[in-house]
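Comments concern the structure below.
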Amino acid sequence: MTDGASTPGWLLAGAEDAPPLLCSGKRRRGGAIEKTVGGLARLIREALVSEEIAARRGLLQRLDARVKLIGMLGLLIATGLVRHIPVLLGLYALTLVLAAASRIGLGWFAKRVWFFIPLFSGVIVAPAMFSFITPGEVVLPLGHWFGHEVGLTRQGLTSAALIVCRVASSISLVLLLTLTTSWSRLLASLRTLFVPRLLVLVLGMAYRYLFVLLDSVTEMVTARRARTVAAKRSRRGERAIASFSGGALFGKAHALSEEVHQAMLARGFSGELRMSEWPRIRAIDVISVLTCLALAILVVGGDRALGL
Amino acid sequence: MRSGSESLLIGEGLSYAYLERFPALEKVSLEVSRGERLALLGANGCGKSTLLKILAGLIFPDHGSYRAFGEEVSAERLEDEQFSAAFRTRVGFVFQNTDAQVFSPTVREEIAFGPLQLGLAPAEIEGRVAEVTQMLEIGDLIERAPYQLSAGQKKRVAIASVLVMSPELLLFDEPTAGLDPRSRGWLLELIDELGRAGKTIVFATHELAELEWIADRCLVLSEDHRPLAEGAPAELLADRELLLRANLIHEHAHRHGAVLHSHPHERGHHGRAG
């Protein structure tokens with residue numbers, strides 16, 4: 001120690017006063033913050049998996065991002081317009097074939113799709129199956145209510161199945177696009193849909209810095225956990241820590257944004273953004289986008305031919 | 001000084017305060033010759049990074065004047081499109097925080113960003129990106145996202161993104177901070193090589209160990225943000241009192257048997273300065 005600074009006596013004392021290093025049997029559950037950290041780590045892992053799939057040598061990975069975006073949009077619109085379950089099942093089967101051709105594990109792919117189904121359609125689908133929402137022929141009676149038979153109706157089940165099939169096909173199409181295209185190319189392809197260049201740049205940077213801030217959050221939470229000693233938790237204390245951490249993170253993000261702007265200026269950015277030119281569209285890209293659009297028209301036309 | 005005495009940068013009485021309240025630089029003057037390698041030495045918070053940002057035309061002094069390549073550099077002049085493009089082409093700045101500098105979604109886009117903004121032809125950009133990635137041995141990282149890179153790899157990408165513009169003047173802020181020994185050695189060799197190739201280099205550091213290798217001259221800043229001394233590395237490193245005053249070394253006390261004695265100590269070279 002310099003300048004006559006002396007070490008306090010309690011710092012030099014041993015660990016005699018510390019609690020014994022033994023198990024008491026009383027366990028503490030992981031709080032919301034720990035779960036958040038787990039969630040953040042999962043998010044980074046997911047992003048890494050997606051980038052790894054996008055780098056594989058599969059059918060969709062070989063296609064230009066713009067082609068995939070337009071083709072998938074065409075098929076998505078067609079999926080939204082189809083009104084027959086067999087046609088939707090056909091579309092879903094097509095996404096499975098494309099996934100297999102793009103070297104995506106079918107089990108893994110299907111699991112990811114069906115994980116989202118209850119989330120997106122559960123709330124809408126569940127009540128629609130009952131006779132009090134969709135009247136019709138009751139196929140599974142559940143009881144009587146004021147003299148009326150209550151249960152699941154054929155019409156209700158059909159419309160629920162229709163929605164589930166539509167959502168499954170749509171999510172599969174979107175997943176195929178996002179899994180087989182690196183995020184940077186996907187963002188850049190938005191320019192073909194007339195999204196302004198500056199917005200594309202901002203979206204790209206937001207995605208890039210999401211990981212930097214995720215790292216900061218993880219470090220902050222881990223540092224807090226490393227210093228958490230008390231057995232009892234105070235809600236007020238937790239709220240205070242959450243708000244301090246939020247404030248600190250906001251300050252960090254602000255300082256970082258200023259430095260990023262300076263880094264852009266230092267390399268010639270003057271407010272008007274210049275972006276790299278696109279690679280040339282190949283014959284296979286043209287054939288692919290035309291096939292997708294023709295298929296979309298065929299699917300909608302065929303569906304109409306089947307009647308209502 | 002390595003080559004002719006032509007002054008590339010002239011800063012006179014530069015002062016800067018953050019938020020107009022917290023002084024970061026007080027009346028600092030400096031002159032850098034073409035081809036020279038100048039080290040800005042000083043403890044944490046002495047104003048080295050602020051001075052580098054002024055030299056890069058990213059912030060502007062509250063007092064004093066700054067001329068680069070024979071022209072006055074000011075906020076107004078940098079608003080001029082031609083002046084701004086000409087200045088940015090000539091000056092490359094490698095930030096200490098690589099996360100701030102590497103902002104593009106992929107390494108390729110990061111390196112191409114500068115040349116694109118300066119309006120170079122696509123074929124030339126492609127060629128330069130390929131050559132600079134080969135030179136810095138990062139060809140295999142070209143399609144990677146920055147979050148998939150280590151600190152050393154990110155530093156290489158940041159340097160590539162600056163070198164690709166072939167600047168005459170290179171500014172490095174704490175270039176070796178946080179790097180492992182191998183990356184550190186590689187970077188010091190690169191700075192030496194760039195200096196020998198005729199580039200003018202100004203870098204901020206508080207590491208004394210490699211100073212004689214990569215600097216021709218040093219400017220020492222005090223903890224109250226003022227110039228403290230200027231001279232050749234060997235000359236300054238021999239001045240123990242100066243290094244202690246600048247907080248670049250500290251009195252290190254330890255025991256030899258029953259005898260307690262103290263001597264100056266600096267990072268990397270135990271007792272060298274004393």
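Every heavy atom of this structure was used, including side-chain atoms; hydrogens, water molecules and symmetry mates were not. Just so we're on the same page: letters track the sequence lines, and every chain starts at 1.
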Any donor and acceptor pair, going by atom type alone, linking the side chain of B:Arg88 with main-chain N or O of A:Leu265 inside 3.5 Å? yes

Quick one: which of [options] has the most heavy-atom pairs under 4.5 Å with chain A, could you say?
options	result
B:Glu110, B:Arg108, B:Glu109	B:Glu110
B:Thr89, B:Val162, B:Val102, B:Asn97	B:Val102
B:Ile59, B:Asp99, B:Thr106, B:Val91	B:Asp99

Answer yes or no: are there more than 12 heavy-atom neighbours, outside A:Leu199 itself, under 6.0 Å from its atom CG? yes

Heavy atoms of A:Ser102 and A:Thr180 approach each other most closely as CB-CG2, 4.0 Å

Closest non-hydrogen atom pair, B:Leu190 against B:Met135: CD1-CE, 3.8 Å

Look at the aromatic rings of A:Phe250 and A:His254 and report parallel, tilted or perpendicular, splitting at 30° and 60°. parallel

Which class fits the ring pair B:Tyr18 and B:Tyr16: parallel under 30°, tilted 30 to 60°, perpendicular over 60°? perpendicular

Which answer fits [X], side chain, backbone, both or neither, if we ask what part of it has an atom under 4.5 Å from a heavy atom of chain A?
X	result
B:Phe103	both
B:Glu143	side chain
B:Gln148	side chain

Can you tell me which portion of A:Phe269 sits under 4.5 Å from chain B's heavy atoms? Options are side chain, backbone, both or neither. both

Under 4.5 Å from any heavy atom of chain B - which part of A:Arg208: side chain

So which of A:Glu258, A:Met205, A:His261 has the biggest tally of heavy-atom pairs under 4.5 Å with chain B? A:Met205

Scored by heavy-atom pairs under 4.5 Å with chain B, the best of A:Ser257, A:Gly204, A:Ala255, A:Ala266 is A:Ala266

Residues A:Asp285, A:Arg282: salt bridge by 4.0 Å N-O rule: yes

